[in-house]
Each structure stands twice: as structure tokens, then as C-alpha cells.
Amino acid sequence: MPTRPSTVAPEPFYNSLAYSFSTMGLGSDMYRQQILDHYKNPRNYGELEDPTFTHVGENPMCGDEIRMDVKLDDDEETIKQVAFSGDGCAISQASASMLSKELRGKTVDELLEMDRDDVIDMLGVDISPMRVKCAVLAEKVAQDGAEIYQGDLDVEKTTTEDD
Amino acid sequence: MPTRPSTVAPEPFYNSLAYSFSTMGLGSDMYRQQILDHYKNPRNYGELEDPTFTHVGENPMCGDEIRMDVKLDDDEETIKQVAFSGDGCAISQASASMLSKELRGKTVDELLEMDRDDVIDMLGVDISPMRVKCAVLAEKVAQDGAEIYQGDLDVEKTTTEDD
Amino acid sequence: MSQQNLESLDVEAIREEFPILEREFDGEQVVYLDNAATTQTPDPVVDAMSDYYREYNANVHRGIHHLSQEASIAYEEAHDRVADFIGADGREEIIFTKNTTEAENLVAYAWGLNELGPDDEIVLTEMEHHASLVTWQQIGKQTGADVEYIRVTEDGRLDMDHARELITDDTAMLSAVHVSNTLGTVNPVSKLVDIAHEHDALAFIDGAQAVPNRPVDVDAIDADFYAFSGHKMAGPTGIGALYGKQELLEEMQPYLYGGGMIRKVTFEDSTWDELPWKFEPGTPQIAEAVGLVAAIDWLEEIGMDRVQAHEEEITRYAYEQLTAEPDVEIYGPEPGSERAGLVGFNVDGVHAHDLASIMNDHTVAIRAGDHCTQPLHDKLGVAASARASFYVYNTKDEVDKLVAAIDDARQLFA
Amino acid sequence: MSQQNLESLDVEAIREEFPILEREFDGEQVVYLDNAATTQTPDPVVDAMSDYYREYNANVHRGIHHLSQEASIAYEEAHDRVADFIGADGREEIIFTKNTTEAENLVAYAWGLNELGPDDEIVLTEMEHHASLVTWQQIGKQTGADVEYIRVTEDGRLDMDHARELITDDTAMLSAVHVSNTLGTVNPVSKLVDIAHEHDALAFIDGAQAVPNRPVDVDAIDADFYAFSGHKMAGPTGIGALYGKQELLEEMQPYLYGGGMIRKVTFEDSTWDELPWKFEPGTPQIAEAVGLVAAIDWLEEIGMDRVQAHEEEITRYAYEQLTAEPDVEIYGPEPGSERAGLVGFNVDGVHAHDLASIMNDHTVAIRAGDHCTQPLHDKLGVAASARASFYVYNTKDEVDKLVAAIDDARQLFA
Ligand SMILES: Cc1ncc(COP(=O)(O)O)c(C=O)c1O
Ligand SMILES: Cc1ncc(COP(=O)(O)O)c(C=O)c1O
């Protein structure tokens, strides 16, 4: 049961290009109140004392670094508690904060089934193509942490970088 | 006194570009009667028995290869006899043939003073920019042969190639 | 290829997209038969690049602003489009280079310099273009690997028995031209690749003369690497593509270093980005990638089958006309599926360069020289050859003008 | 730079040649301040390339026909034009590459791999772009040569005492950026070159951010190598140039192999062509060379002194505006002759990427990130910075929009 921090990369940059820029409106669509609120007042910020698993991920594009701590119920399936720490841009931090609330009560399988669209739905704003990487970082870190925990993945400290 | 064949390169391809293509007319300007006559009936073709100096040059662009044999008068200045051999395109062969006549009676210094324009004047036709290399090969071979003879040049087998 | 297909190819309409084909020199319209050197570029391709510069020019990767987003998407998707066009699995397998030549060098440097040693053999063919021949020859010298050449037969084909002899378990790399730019031969590349794979060798196929004029499927060929150039397929200068199997590209060391190919850099060391970016440092050929996509769109609108059929038709006609001349020697196989759209030849008693000059006096543009296959020419016993090469806009009338110019040359040199 | 000069620069007339600057997103006209990444391309440059494709597109070198003659002349003369523009002696000293990045790699491969060994030192600066930093770092690893970095001082300048300390008789190569793309610092490159030469080291100057916006004379600098990119100087993508002293280029091994760079090829070995062709194998960037010449013509018509003066003026204005904001930290030297036309900064409490996104919502295009200088950012203690960079078409009004967008970001994140 790996509890030491390890790192994970979000999806490659270019996948994010599937999101057309034309869906973006003017005005700070990405920086609606909810995002800013989570950025300024992060929920579940910190580290758990006795996490079932822990994982760290990096998005060098923004210099984002996020650690996700997850504690499971005794059924070893239901997520009981989540905490995150690290720093980075508003999008990645707000996403981690919202995800930490969202995951509570979900099963590990439900976490693993989440995809980019779910994250963007959760954020409730249009994410511009170049920022999708920031948005999905926390989700990817949690997922890779879960997979490592289940023994399905063996990643070293990995990061992505596009320029 | 070097009498063994050595080789020389004509001027670099790109110098020929100074000759604007716009000066070329239509019709086989380059292949006027005089050129064709010298190509089909080369003058002084062959090798001299006892040349004062001999030199070989190559123009790999056309696959031209020319050897120039020069015999000087007892004054060691006046050109008494010239012969050429080798093969290649009509322009290079005709140019060598005409040069072999032209040089007779000239001094070595006069040979060394010749430039591209003199060769083109001698040929009496417009030479298209990409073919100037062919036109000046014989002149360059004779000049480098003379310079080697005078001890001013020490070239190995050199050739030019642009593609 | 059915005649029907051919008839539906409206060459006159196609020619209208090429203003350059209207050019005249001294009142004579140009007859452009130098397509193996470079093809002409139709208006939609030129316009696509102009639109790029006038509407969404920006640097790619990471730019958060609108223009960079548009440019990035166009540039990234160009990889997808090329992958799709040649049957690759995805953008990870497509690396943009300057041209075919750089693609050969990329593999020679990134793979060859690191993997080859004195016990290895590199097998080439005698009909390789200098782009692969000189590159592998020099990498061979640097690494100590032996270089050997598959023989070309009298009729301009590869001697496949000799190929089977040369390719052994010591062979590390086979590099072969798909279509010869001198002989017009279409080589049995998937057979060659199979032989290489039987001996655990990698196979690099030079598709510079194949991709422009026939459907190519790198997956069906099973090539490990495959390369071609934009400027030979109605696209722009300054861009070519290297296809490589993803697992091979992933294992390979980088080639050029710089921005855009790194993951993390410290003063001490660096790590590399994902494919294909790992092999594309610096600001890439963005406008050129846009132009290449436009060229692919344009070709696919015509249909690669029809491009091929048209070339075969014109080539057969040219071959027949030239064979009828007793003093013309033609190199390479007879017309058909093993001969692509070019004819290399010599006229007895007329040096190829003189021939090309006289052709030019008739505004017929052909190429004369060694066509970057000097060793093959040495083998053919000629210093140079003349080459007429055709594309989708050429007509039989133009071939007639070529033949008329040969008559003129013959009379001059008679 | 005299005010008179500046007043005579008709920015409105200049802007008319850039249709892209009229683009609107959601009704707001774009404010393009990402010029250090790539500059916009004026109509005369785009048109010059279109004209090439529509009038005289052909492969270069050796083509005997009219079109190839015209293309060859244009391509060859492009070398002369570039040589003249930067004060090189002639076309032998100018090699066209894809971009600055490839120019660094060319020297690193052709010279570095062959000449460097474990006893040698390569000296870089802490403000190098990844193009030189990663390249020399990796060539250092391959050859065993040590890499050392000249320190950047608190105020964003090179520590010249440290330079004198680091550059010793063991130094084989100094590679330094002329103008930093992150700090805007204009480095004292001719002093650096002198120090290198005192110790018989070679000096490579990365001029990617210098050639676009100030008069550059490689002869006066006495650089051994100097590189820059077309796309950063109103020219096209896909082309850059490496200047090298002729005697050095002559001694150097080739870099890429293929057609167009050889003299004679046999199955056994090859010899090389004259400069610059020895380093330009394959079909080159012909249209791009034509575009680069048009860009140089366009810039010289304005006058490089005036380009520089305009940038200094706009930069000073931006610097003053930003310095007035108490929560903005600016990197690099104060405005003046040691600061080029870009301003890197951070706003307290707002991540640079969030700032760039909010700017984009105001259609202000800036860049945020590490600008391919990760180690320098590590040293600055920030993961990323925002960068506004100016060119000859930018106005003070546009700077005001930048400042307004910062206000908006500040309010959002307050
Ligand atoms: C200082 C500097 N050097 C090198 C480069 C690399 O230029 P390119 O991407 O054109 O190769 C850049 C541009 O990003 C730069 O600013
Ligand atoms: C078969 C073949 N390979 C390679 C090349 C080189 O292509 P490029 O000049 O675009 O690098 C050519 C074109 O001359 C060719 O015909």
C-alpha cells in the first residue's frame, strides 16, 4: 500500500485542443465567483494524518504542484476523506478544492471513471483549451494515486511540459 | 615544374548567378553554329608530347572533365601550343576548343588575366547562368595549370558540385 | 486503373489553380516537367498560408491568448491530418522536419549514432537518393557499421535475391527508396520490410517520390520509419514529415535540443516532452504545416487513385513516344504499376545538359544531371541523364512538346 | 534616440500592413503583445511568398530551365541579403536553418561533437534560452565537457566579474544570449566575445531577440557564430539563419547529409560542396528565404534605428506604468539602452497563467510561463512570469489596455 508521495502527469497538452476556443465567451468566464471562492478559500486544504493513499502531480506549464491525500472507509471502497495541498494557478487550485468535496462518499471506481468532461462540469465554467491541463490535474493525481493503490499502475515522478 | 595532371575547379556555381537569365533570348542562342562546329570538330584535341604544364579539371555538375596541355616558347612566357582532351557537354568542349586556338601566341600573364567575361566574349553567345560553369572550365584549368607551374598554387584534385 | 476515372479528371480545371503554368518566356507558355524536383503549388495551398499570416499567426504551445490557441490547434491537428493521410496511428507518430533529407538525418542521428556499432550492417539500395545514401554512409563511417547496397538489375529493378542475401541477422537498418527518382521504379517495399523484420532489422522507407502520387499506407507497408516532403506533393517548401512507429520514437534519444521539446530543465539536466514534441524543438514550421494540410486536402479531393492513374497514363504515353525514337535510351522499368510518373533518358550524341538547355529554349522545363544519385549514374555508365517528370496537371500535349524539342536537339547536334 | 526620428515613424500606416491586428474577438480588437514569441507578418512579406509560388516556384541548384534559374537566383541572393543585413562578409557565412534552435544545434553537432572533450569547458549564462542551454548541456554530457553558467545579478544583468572568472583557457565555447527573452537585458556581447577570444574560446551569440529590433553588426561584435529566426523579425516561420566565420565553417564537419551539400559521391565515400551549401542539404526553404528577404527590405525601409527607438519608447512607457502599480514586480534592468522591448513581470497574488487568461478575456495577448528559461525562473524564485513584448506596430494605447487588464485581474483576485 503505497503511501509515500508520488507524482503523476495530467493528459498531454494536445488532447486539450479538442476543446474549441470558439466556445469561449468574453469576460472572465473562467473566473466566476465559485472558482475564485474555492481558490481564495480552499476546502480541505492540508494533509491527512493517516491517508489510505497519497499522490503528487505536477503541471510544469503553470508550475502547478498538487498533493492529494485520500482516506477510504473500512470497506476499502468508499472515499471517506480527501485533502489536498500544493500551489499553482487558480484553475488547478479551485479544481482540487472542489474535487476534494465532490469525492467524499464516492467509490474508488467512481473516481476512476471520471473524465475531463466531469471535471469541467464540476467547475461549471468554460475552460479555454490551453488551461484544461490545469483543470484536470487534481483529478489525474487522485486517479493515479488510486491506481497505484490498487497495484494497477507504477509511475515514477512524472510531469508534462509543452514548451 | 609540375607536369603531372592535376585538377582544378571552375568558379563556384553561385557566382554564375550574376548573369541574369533575362539576358537570354529564346531559340538556341547558346548553340550557334560556331559552338556546334567546335563541339563537333574540336581543334587541338589530344595531348601534347612534351607540355610545359598539364592540368585536369572537373565539373561534376555536367560530368565534364577537361585536360589542358600547354607548351611555352623558350622565353618561358609565350604560349606556343595548346591541346585539350576529355569530354563533357557542348559548351565546355567548344569552350576548350576555342580557347586552345585563342591562347596560342598569348603570354602566360595574359592567360592569367582572362576572366569569365573574356570567355563569354570568345564564345560569342549568351551563356545561361546555370551553364557558365561549363563555359569557364577550360579557362580555369589552364589558369590553375599556369599558376601551379609558376609555383603560386598547390591544388589537389578539386571539383565542384552543386546538387 | 479504369479509363472512366481518368476521364473524370478535369485537367483543365486543375490547371486553373496554378497561375505559374500560364507563365510565358518569350511568348511561349512554360511546359513544366520537373515535378520530381518540386511540384507546383495550387492557389488553395498558397491562400491557406496567406490566411494563416493574415488571420491567426502566433507562436504555438502554451500561448493562452486566442491567436496562439488557433495557431496551436492548427499546428497540432496538422499532425493528425498527415497521420491519417498515410495510415499512421496518430499524431505521436508524425514529426515535422524541413524535408525528407532531414527526416533521414533525424533517424540517423537519434537512432543510428546511439545504436550502431562495428558489428552492425546498414543495407541500402544502389538506387538510393543522396539523402539516404550519404547520410547512412557517413553514419556508418562514424559508428563503424558496414554499409552494403542491394543491386539494381539491368531493367532497373531491385535484385530481390541479392536483398535476401545482404539482409542478415547483422543488419540493423535497411533504408530503401519507395519510388526511385531516377529510374521511376516502384520498389516492393513491403517485401523489403518483411525481410528486414525477419532479421530484426529496422526499415526506413524514403517516400519522397511515392506519397505525392499514389495512396500510401505505412501500416500496410509495416515500415518502421517513412519520410516525405511537402514541396513534392503540391505543398510548401520548408516542411517534410517523418513517420515513426510510436514505440520506436519513444525509445529514441532526442535529436535537436531546445524549447518545446523539454519537460523539465535545470542547470544540470533536462527531461523530454511527449511525442511528437520531443523531436520538434524551437518554433516550428507553422504556416508550412497549414500549407501541407491544404495540399493534402487538395490531393484527396482529387483522389490519390486518380492522381496515380493520371500519372501512369501520361508516363505510358511519354514512354511510348520516346521508345519510338531510335537514339533515345530510357532508364528504368516499362510503364505499369512498377513504374512511377517520370522518365529518365539520354539522347545519343547529345549531352543531357545540352538537351535540357535546348528544351529550355522551347520553354520545356526538365531536369538534367545525376538527380542526386551519382553512384547509380556511375553504374549506368553515364555522367548525367535527362528526366521528365509529370504531375496531375500535365497533358499529352506537353509530352508532344518534349518530343519536338528532342527533334530539334537532334538536328542541332546531327 | 532622437524624438524626431520617433515622430516620423507612422505607426498607423505600419499597422495597415498587418490585417491580423484588426482581428476582433467578441467585438474587441486584439492587442498583440506577444512579439518576443513571434512577430506578425506584414502584407509585403506574405505577398512576396505568394508571388514566389505563383510565378517562379522551382527547385534550386542546377536546374537549367527558366523557373529554376529564377528560384536559384532568389535563393542564393537571399544569403547575400542576410549577410549584408547583419554585417557578414558574404553568402559563404550565412546558412539557412529552420530557426535559431537549429542553428545552435548545427554548431553543437558539427563543431561540438567533434571538438569537445572532457578537458573542455562550455560557458553559458544563467539567462540562456533552452535553445542554447539544453543543447550545450546535452552536448556537454555526450562529450564530457563541463558546462558552467555566468551569474545573473539582482538587477538582471550578467555578472561580468564572474564571466572573467569562468572563462579560462579551458573554455572552448561561450554561448550567450544577445538580448534576454525573459529579462529584456541587452548583454555586452562584444565584451563577452573579447573575453572568450583572449582565452582562444569560440563565441556563439544567440541573436533571436536582437536582430528583430536593433542594428546588429556581427563583424563589430566579432562573434564566431550568430543566430536568429525569421518569424521574430516580421518574416515567415520555417527559416532562421546561422552566421559563422568563413574559416570556421570551412573547417567544420558537415551537419546534415544529403543532396545539395556534396561534391562527389560514390558508394564508398563522399566529399563536400562549398559554403554555404555544405550545410544546406535537401530542398531548402526557398519560399521562406524569399519571405525573409522581403522582411529585411521592409525593416530597412523603416530603419533599424527607428525600430529600436520605437521599442525603447514603448517599453519605457510600459515600465513606468507598471512600476507605478505597487503589487507588480518587474524583472530585468531599467529602461534604456540595456533593456530591449519586453517587460516580464508578476502581479502579487495572481498566478501568471491566470493573469494571461484574464488578459485574453480583454483580448490582450501576452505570454505567461517560463519563456523557455526554466532555470532562470527557478533562480528568480517563481514558476512563471507574465511577459508583454512590443514591436514596431504597438502603441501606448495598447499598453494602457494591458494596465487596465491588470486592474481587472487584481479586482477579481482581491
Ligand atoms: C533568446 C532566444 N533564443 C532562442 C529562441 C528560439 O527561437 P526559435 O524558436 O525560433 O528557434 C528564442 C525564441 O523563443 C529566444 O527568445
Ligand atoms: C527519392 C528521393 N529521396 C529524397 C529526396 C530529398 O527530398 P528533399 O530535397 O525534399 O529533402 C528526393 C528529392 O530530391 C527524392 O527524390
Side-chain angles (χ1 to χ4, degrees), chain A residues 7 10 13 16 19-42 57-66 86-97 120 123 125-137 159-163, chain D residues 23-30 34 36-38 101 129-131 134 181-182 346-347 349-378 380-387 404-414:
Chain A
T7 48
F13 154 76
S16 67
Y19 287 79
S20 165
F21 49 89
S22 64
T23 62
M24 284 190 61
L26 182 72
S28 293
D29 255 9
M30 279 198 311
Y31 298 95
R32 293 243 193 86
Q33 211 40 58
Q34 200 200 1
I35 299 276
L36 290 171
D37 178 46
H38 273 273
Y39 178 53
K40 294 180 205 166
N41 311 298
E58 207 177 66
N59 171 11
M61 173 185 151
C62 288
D64 301 328
E65 182 158 320
I66 281 179
D87 42 26
C89 69
I91 306 297
S92 71
Q93 297 294 301
S95 178
S97 169
I120 289 166
L123 290 169
V125 296
D126 281 345
I127 297 295
S128 84
M130 305 301 153
R131 304 301 302 282
V132 170
K133 236 175 163 175
C134 314
V136 300
L137 177 62
T159 57
T160 53
E161 176 59 44
D162 307 303
D163 202 2
Chain D
R23 263 204 81 180
E24 297 186 350
F25 296 92
D26 291 301
E28 290 269 350
Q29 190 177 339
V30 72
D34 193 18
T38 207
T101 303
H129 188 277
H130 292 167
V134 180
N181 68 318
T182 300
N346 264 311
V347 178
V350 187
H351 191 284
H353 281 83
D354 294 324
L355 189 62
S357 282
I358 290 160
M359 294 262 173
N360 188 46
D361 291 337
H362 291 256
T363 68
V364 176
I366 64 160
R367 195 139 291 234
D370 59 40
H371 315 300
C372 294
T373 58
Q374 276 188 17
L376 177 64
H377 276 78
D378 288 346
L380 293 173
V382 292
S385 59
R387 180 183 70 190
I406 293 177
D407 284 340
D408 188 42
R410 183 184 296 121
Q411 267 158 38
L412 274 174
F413 283 90

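Because the structure is predicted, anything quoted here is derived from the model rather than measured. Lettering follows sequence order; numbering is per chain, from 1.
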Shortest non-hydrogen contact from [X] to [Y]?
X        : Y        : value
D:Gly349 : A:Tyr39  : O-OH, 4.0 Å
A:Tyr31  : D:His353 : OH-O, 4.1 Å
D:Asp354 : A:Arg131 : OD1-NH2, 3.1 Å
D:His351 : A:Asp64  : NE2-OD1, 4.2 Å

Under 4.5 Å heavy-atom distance to chain A, tell me which part of D:Ala356 shows up: side chain, backbone, both or neither. neither
Counting heavy-atom pairs under 4.5 angstrom with chain D, the leader among A:Gln93, A:Lys40, A:Gln33 is A:Lys40
Any chance you could measure A:Met130, atom CE, to D:Asn360, atom CG, to the nearest 0.5 Å?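 Going from CE on A:Met130 over to CG on D:Asn360, the span is 10.0 Å.
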Interchain contact, A:Ile91 with chain D, by part (heavy-atom threshold 4.5 Å):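 Both parts, backbone and side chain.
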With sequence neighbours left out, what residues match A:Asp87 under salt bridge (Lys or Arg N to Asp or Glu O under 4.0 Å)? none
At a heavy-atom distance under 4.5 Å, which candidate from D:Ser357, D:Ala352, D:Ala384, D:Gly27 has the highest pair count against chain A? D:Ser357
